[in-house]
Amino acid sequence: MKFLFHFGRYLSLIRQAFQQPQKQSIYVRQILVEMENLGLASVGIVAIISVFMGAVVAIQMAFNIDTPLIPSYTIGFVTRQSVILEFSPTIISLILAGKVGSRIASELGTMRVTEQIDALEIMGINPATFLVLPKIVASMLINPFLIGMSMILSVGGGWLAGIATGLFPSAEYIYGIQSFFHLYDIFYALIKTVVFAFIIASVSAYNGYYTKGGALEVGEASTNGVVYSSIAIIFMNLILTQILLA
Amino acid sequence: MIEGKNISKTFGDRKVLENVSLTLEKGITNLIIGQSGMGKTVLLKCLVGLVKADQGQVFYDNRAFSKMSFNEMKEIRQEIGMLFQGGALFDSLTVEQNVMFPLTMFTTQTPQQKLERANFCLSRVNLENVNKLFPSELSGGMKKRVAIARAISMNPRYLFCDEPNSGLDPQTAHLIDELIKEITLEYNMTTVVVTHDMNSVLEIGEKIYFLYQGKLWWEGDKHNILHTDNTELQAFVFTSELTKRLRPKKGG
Ligand SMILES: Nc1ncnc2c1ncn2[C@@H]1O[C@H](COP(=O)(O)OP(=O)(O)OP(=O)(O)O)[C@@H](O)[C@H]1O
Ligand SMILES: [Mg+2]
């Protein structure tokens, strides 16, 4: 019952958000601002996590493929595949759900409890369009770049791990990451990324937008934003994988 | 002119407003007074449509506001200036940007024109040299004044102020009262002020509505409020040492 209530209200918020904005120029500027707030501000953490993630995947592959029957360039190939298909789009999106989602939910929650959203409404501005839409659009535009960067850095991290540990030869790894490449995999990863970006921005915005109360509830909204967008991502991941790889 | 007809609002099982009807005239300052928690803010929010009344209608110059959809309301709302009890300034914008915000959204003025207008509004609330500060860098009273400047920046036809001078020193409070009265007359606005400050009541109370336990208990103006024989209103009016002195002597 409660789920249906929230889901219905979520859909109605999305519908309100996707309306003709008051002024096109301001709206474009808002998107750019959000791209900076939500995207550029996350480059650092995405980069660090990606390098280490790639390194760990490559090392684990190296330990697991410890037989002369399988050529060692497989390590490069498998690392690339895992990173592109799953680690970068899903894990990084989950990280972003934590970082970006809590930011969005607490920003909107604070604006709600301090009546800033009411102030917009009273001026005749649709607060959902003004506040929520730029966040959704900005996330959907910038996240593919973050994930793309993550893929490159993760594969690079795997290569560095090989050099640092001496577990596999650098040349084999580089040969591996170039083998059996399908463009469709990138397409699959991008679709996932864009869908996850939409989920992160909209679900956390929903949690912030309808906050009631004060500072305590803003904190709660921020936590809920992260939890529910993460759950939605995991769930959509399963569905999209079924649809796109079937 | 704004008319509210039979407005009722319940939160849970708490009746906050019961059948409140009031007519807010153009060109004068209409005051809504009452003790804390009596529903003044809720009434104001029902009038502007931020809180949906359970019952009742609101008319803005005979336009049936309460029946409108969000998009239809927009038109009227662009003619509304509102000061929220807590200020409701945009945290991410500077003082100057806050005051210019409605102009940016709804007019085609050049940045220079907008800045001039913002500075003019800020000077009317006695604020200078704070243009580049953010709301978090202002004192409570300054925030309130910036919010007033923002509310009047578009020269609204309807002005709503929720406790415009709470948290201000007596001099600034007086200044704000004067400003509200002045612009109301100057632009023939319909002005609604929520207050529990007796100074304001006696200064700008050209029409006064007294709310008590969710009902419209008394209406009148600053001249006859001191002569009321309504017990609840008397208790509200003659509380401080100063106002007690204004109390007309019995039989005198
Ligand atoms: N959103 C809400 N949900 C539940 N109850 C509410 C809500 N808003 C107001 N109330 C209740 O309505 C009553 C009137 O509140 P209101 O804010 O209108 O008081 P007020 O007259 O403006 O008081 P003050 O002078 O202190 O600002 C209060 O008892 C409050 O608890
Ligand atoms: Mg109030």
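Just so we're on the same page: letters track the sequence lines, and every chain starts at 1. Atom set for the values below is all heavy atoms of this structure, side chains included, hydrogens, waters and symmetry mates excluded.
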Taking NZ in B:Lys15 as the centre, count heavy atoms belonging to other residues, nucleotides or ligands within less than 6.0 Å. Is the count above 12? no
What part of A:Thr110 gets within 4.5 angstrom of chain B, counting heavy atoms only: side chain, backbone, both, or neither? side chain
Taking atom CZ of A:Phe235 as the centre, does the number of heavy atoms from other residues, nucleotides or ligands within less than 6.0 Å exceed 12? no
Nearest-0.5 Å distance that lies between atom CD in A:Glu115 and atom OG1 in B:Thr41: 8.0 Å
Per-residue contacts, residues 99-114 of chain B versus chain A, heavy atoms under 4.5 Å: B:Phe101, B:Pro102, B:Thr104, B:Met105, B:Phe106, B:Thr107
Segment of A:Glu107 engaging chain B (4.5 angstrom heavy-atom cut-off): neither
According to the side-chain hydrogen bond (donor to acceptor under 3.5 Å, both in side chains) rule, which pairs have a member within residues 40-54 of chain A, sequence neighbours left out? A:Ser50-A:Ser150
Take a 6.0 Å sphere around CD of B:Glu186 and say whether it holds more than 12 heavy atoms from other residues, nucleotides or ligands. yes
Would you say B:Phe90 has more than 12 foreign heavy atoms packed within less than 6.0 Å of its CZ? yes
Heavy-atom neighbours of A:Tyr210 OH exceed 12 at 6.0 Å: yes
To the nearest 0.5 Å, what is the distance between CG (B:Asp91) and CE (A:Met111)? 7.5 Å
Give the interface residues of residues 62-85 of chain B toward chain A, defined by a heavy-atom separation under 4.5 Å. B:Phe70, B:Asn71, B:Lys74, B:Arg77, B:Gln78, B:Ile80, B:Met82, B:Phe84, B:Gln85
Write out, in numerical order, the residues from residues 119-138 of chain A with a heavy atom short of 4.5 Å from a heavy atom in chain B. A:Ala119, A:Leu120, A:Glu121, A:Ile122, A:Met123, A:Gly124, A:Ile125, A:Asn126, A:Pro127, A:Phe130
Just wondering, are more than 12 heavy atoms of other shown residues or ligands nearer than 6.0 Å to OH in B:Tyr158? yes
What do you reckon, is CZ of A:Phe7 surrounded by more than 12 foreign heavy atoms closer than 6.0 Å? no
